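Shown next, in structure tokens, is the structure this report addresses.
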Amino acid sequence: MRRYDASEIEPRWVAAWEAEGRFHASEDPADERPRFYALDMFPYPSGDLHMGHAEAFSGGDAVARFKAMQGHNVLHPIGWDAFGLPAENAAIKRGVPPAEWTYANIEQQAASFKRMGMSFDWPRRLNTCDPSYYRWTQWLFTRFFERGLAYRKRSPVNWCPNDATVLANEQVQQGLCERCGAVVERRDLTQWFFRITDYAQRLLDDEPELVDWPERVLTMQRHWIGRSQGAEVRFTIKETGEEIPVFTTRPDTLWGVTFFVFSVEHPAVRRLAELGGTWDDVSPLVEKARATSLNSREAADAKEGVFLGVHAVNPVNGEEIPCYAAPYVLMEYGTGAIMAVPAHDERDFAFARAHGVPVRVVIQPGDAASLDGGALHEAFIGEGVMVNSGTFDGQETPASIGAVIAWLEDQGSGTGTVNFRLRDWLISRQRYWGPPIPIIHCPVCGEVAVPDADLPVELPTDVDFKPGGDSPLARHPTWKHVACPTCGGEATRDTDTMDTFVDSSWYYLRYCSPGYLDGPFDPAAVASWMPVDQYTGGVEHAILHLLYSRFFTKVLYDMGMVTFREPFPRLMNQGQVIFGGASMSKSKGNIVEPMPIVQRWGADSMRLMMLFAGPFEDDIDWKLVGGDVDRRPGVHAWLGRVYAAVGEAAERGDLAEPDGLARLTHRTVKGVTEDLERFRFNTAISKLQILSNEMRTVLDAGAGARSAARALTLMLAPFAPFIAEELWHADLGEPGSVADGPWPGFDPAMALEDSVTLIVQVDGRVRDRIEVPTGIGDADALALAKASENAQRAVGDREVAREIVRAPKLVNFVTRQ
RNA sequence: GCCGGGAUGGCGGAAUUGGCAGACGCGCGGGUCUCAAAAACCCGUGAGCUAGCGCUCGUGAGGGUUCGAUCCCCUCUCCCGGCACCA
């Protein structure tokens, strides 16, 4: 008997597909097939492909191939997110220029993808570090700049001392650098930002257009945007007369304000403390805060804080209350100062207790008893009735909040407002491996965008790219010196580069027309492909890449460059590939790589292992499902059986096929089609295994199975494209590529089981099983059930009180107890 | 602390609308073939009781609804992920 040998089959088809130029999306206007844009998050070239890529792309490719077989004109592009810190750091470690290292990895990954049989539209490949790409990243920056969406400001920012660069808030995880894990520091620096906060509300409003996003990603984004409705209330500093606004979600507690707190970084703190004669006490707190990261792991002690020696006047009642500076108030949220209501806020309560500030109850809980005679043991933060609040007494939350806001606005001491947690996106980096920010600083004209005709501003190659205190570009002797585009005078280039997430915020648009020279993308091509029909990628981008891309798309929409507001209506997150319950890492020594598996058992087996291991969105623990690379995977053995069975079925030609097999084939087509639509690869493969098992039985009985074999081969193609192509040609003798389909259809009547098992229960317990025709009626089913000896014995001499009949599935006799 | 998702055999996991729990696969046990082994193929495989027909128990724990619950409701435990002084 012939033997399945992936190492003989697969390289042949890699070469054949390459030679005939398969998998190109058609731009022919006469091509009337519906278009389908299947996009996988593009990889980062920091080495060869890892297990995460293998998992994600096995799934993404199955979808792309499935859609193509169904008759869609599929765009399934590939490219590389090639700029950025990891590649740069790896290059530095190896002592080679980042470009050299990056391009070498790209070629390796491209070769691996080809060996895996990914159905990419190769001529469209792009990479973000290519000047022909980042020219347009820079062009987009200048458009943002013109619209006031890119701006420079000095502010406290996240600084990674190890990578020697600033980081976006989104890149700080629990106070640590997302990339290297170093403790992030806080520095006051002048940096470039994108005004994503202008789009905060729209990022929420357009959520209904994200028709198929994982719920957890939506909640993460919602939480990150962090919308709070409330009021801005203006307090006056008694000693200076200046107004200091605060944000509160509970203006109904204004009558319970007993002190006022500034963030230690608030610009007024030093001045007020000096005025109040307390600066010597306050300054150590300020110094301490400066050294702590913005997203510090340790929340500041809510009790820590110092009296400033000045007072604030409560606008609702004119009361004078003490002002403090305390680290528990964040400069980054709200206005950097708060009105403190200890009776109704946990942190304010703890602070008040520690500093001997009075606690005044102004919200009475529904059950007044829980106030314990007015002596609070903890803050009451729930809803209730206003008390001790002048004319507002008796009003109930939440209606009271609106009433107070209306009154504040009438009084001119406050306004209803919305506050967001989202901060502007810090995009400048003091590193070499990114697109230079296309701005020229002119002593006369200020910040001037590099004219379109001068783009791209190319990265110099003769530069010491190692990270240092400033940008490597600043250290180049000549690069930054240019004439001002506006006045012609001496000026200097901005020497920072852009965050790599800027590059990846628009790559999906570039894929639609990768060689386009008149803009970042051809509007007609984008109109015909976008939005992406199915986006696949890791959940680690739940906030970063996905939020930024949504923001970019909305800006482009406002610019009239695209006609849609959301780029990715459908998103699927594949699970992580882990090992022994933990992520794979060099330090743990538990790294498994896909290519050795491909070499040993073939790409088809590797892909099937990934997709059969469990639901696509669940994590895969390779320790549990992968085993030793030298041990033959179960799916490989299965492919061997398929190879044999399809071969035998083909040899028997048109020998009659049992009706049962034909029915199973139709049922399998129905099930696999539905499973593929829902990313249920594991159950789809299981159904194919059931079909191939049945084929084996039929063949062993001497019957034919050719049409089952043909359908099986077609349905196998999205998962195991090589063996499917081989069987299609060599065994079934079909013309063309199996990848062109067409995807098999099914007859709904044939997809029904011809008989089902009728369950006979007595008091809910299964007592008999009877094979009955699918179309059996209730009366016949009941008659059969009554005739069951097993059921009769179980009923015994008890009386049947009720008969539940659900033909054709079940009859339940309920006896009188 | 808050938000989201989970918990099913030795393992990965199946199970339309509430209707045979454990599909499919791995592993394991037995067998065929072989001088032997590997491979391949066949049979078995939730637990307990039983000579057998069969019976009982069983989807994290406890309760509820129902003729019937892995599925719906309530309470709880544990696990994973995210956020974490957000005023």
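Letters A, B, ... are given to chains in the order of the sequence lines, protein chains preceding strands, and every chain is numbered from 1. Note that this is a predicted model, so its numbers are computed, not measured.
- In this model, the phosphate group of B/C41 is not approached by any side-chain N or O of A/Arg696 to a distance below 4.0 Å at OP1 or OP2.
- Atom-to-atom distance recorded for A/Ile405:CD1 and A/Asp252:CG is 9.0 Å, nearest 0.5 angstrom.
- You won't find any donor-acceptor pair under 3.5 Å spanning the side chain of A/Arg216 and the base of B/G5, going by distance alone.
- As rounded to whole Å, 8 Å separates atom P of B/A15 from atom CG of A/Asp675.
- In this entry the distance linking CD1 of A/Ile685 with P of B/G12 reads 18 Å, nearest Å.
- You'll find a donor-acceptor pair under 3.5 Å spanning the side chain of A/Thr757 and the base of B/C20, going by distance alone.
- Taking 4.0 angstrom as the limit, A/Asn682 places a side-chain polar atom (N or O) nearer than this to OP1 or OP2 of B/A14.
- Atom P of nucleotide B/C26 and atom CD1 of A/Ile620 are separated by 17 Å, given to the nearest angstrom.
- The phosphate of B/C57 (OP1 or OP2) has a side-chain N or O of A/Arg765 nearer than 4.0 angstrom.
- The A/Leu330 side chain lies nearest to B/C86 when the options are B/C67, B/C86, B/G12.
- Comparing A/Leu810 and A/Asp618 by the nucleotide of RNA chain B that holds the closest heavy atom to each, the one mapping nearer the 5' end is A/Asp618.
- Map A/Lys809 and A/Phe420 each onto its nearest nucleotide of RNA chain B; the residue landing nearer the 5' end is A/Lys809.
- Nearest to the side chain of A/Arg767, among B/A39, B/C55, B/G4, sits B/C55.
- Side-chain N/O atoms of A/Glu215 and base N/O atoms of B/G5 include no donor-acceptor pair closer than 3.5 Å.
- Relative to the ring axis of A/Trp224, A/Arg421 places its NZ or CZ within 45° and under 6.0 Å from the centre.
- The phosphate of B/C86 has neither OP1 nor OP2 within less than 4.0 Å of any side-chain N or O from A/Thr249.
- The base of B/C20 is paired with the side chain of A/Arg769 by a donor and an acceptor separated by under 3.5 Å.
- Rounded to the nearest Å, the gap between the P atom of B/G10 and that of B/G60 is 13 Å.
- Listed nucleotides B/G12, B/A40, B/A21 differ in distance to A/Val766; the shortest reach to its side chain belongs to B/A21.
- Ring geometry for A/Phe260 versus A/Phe235: interplanar angle of 30 to 60°, hence tilted.
- Counting all heavy atoms, side chain and backbone alike, A/Thr248 lies closest to A/Val233 at CG2-CG2, 4.2 Å.
- Nucleotide B/C41 holds its P atom 12 Å from the CZ atom of A/Arg3, rounded to whole Å.
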> Could you go step by step and tell me if A/Arg696 and A/Asn693 meet the side chain to side chain donor-acceptor pair (under 3.5 Å) rule?
Replying inline: CA-CA 5 Å; A/Arg696 180 76 267 157; A/Asn693 288 348; over 6 Å; no
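- For the OP1/OP2 pair of B/G25 and a distance below 4.0 Å, the side-chain nitrogens and oxygens of A/Asn693 include at least one atom meeting the criterion.
- Across all strands shown, B/G52 remains unpaired; no Watson-Crick or G-U wobble contact has both distances below 3.5 Å.
- As the counterpart of B/U45, B/G27 is assigned, both hydrogen-bonding distances of the Watson-Crick or G-U wobble pattern falling under 3.5 Å.
- Contact check, A/Arg678 against B/U16: no side-chain N or O comes under 4.0 Å of OP1 or OP2.
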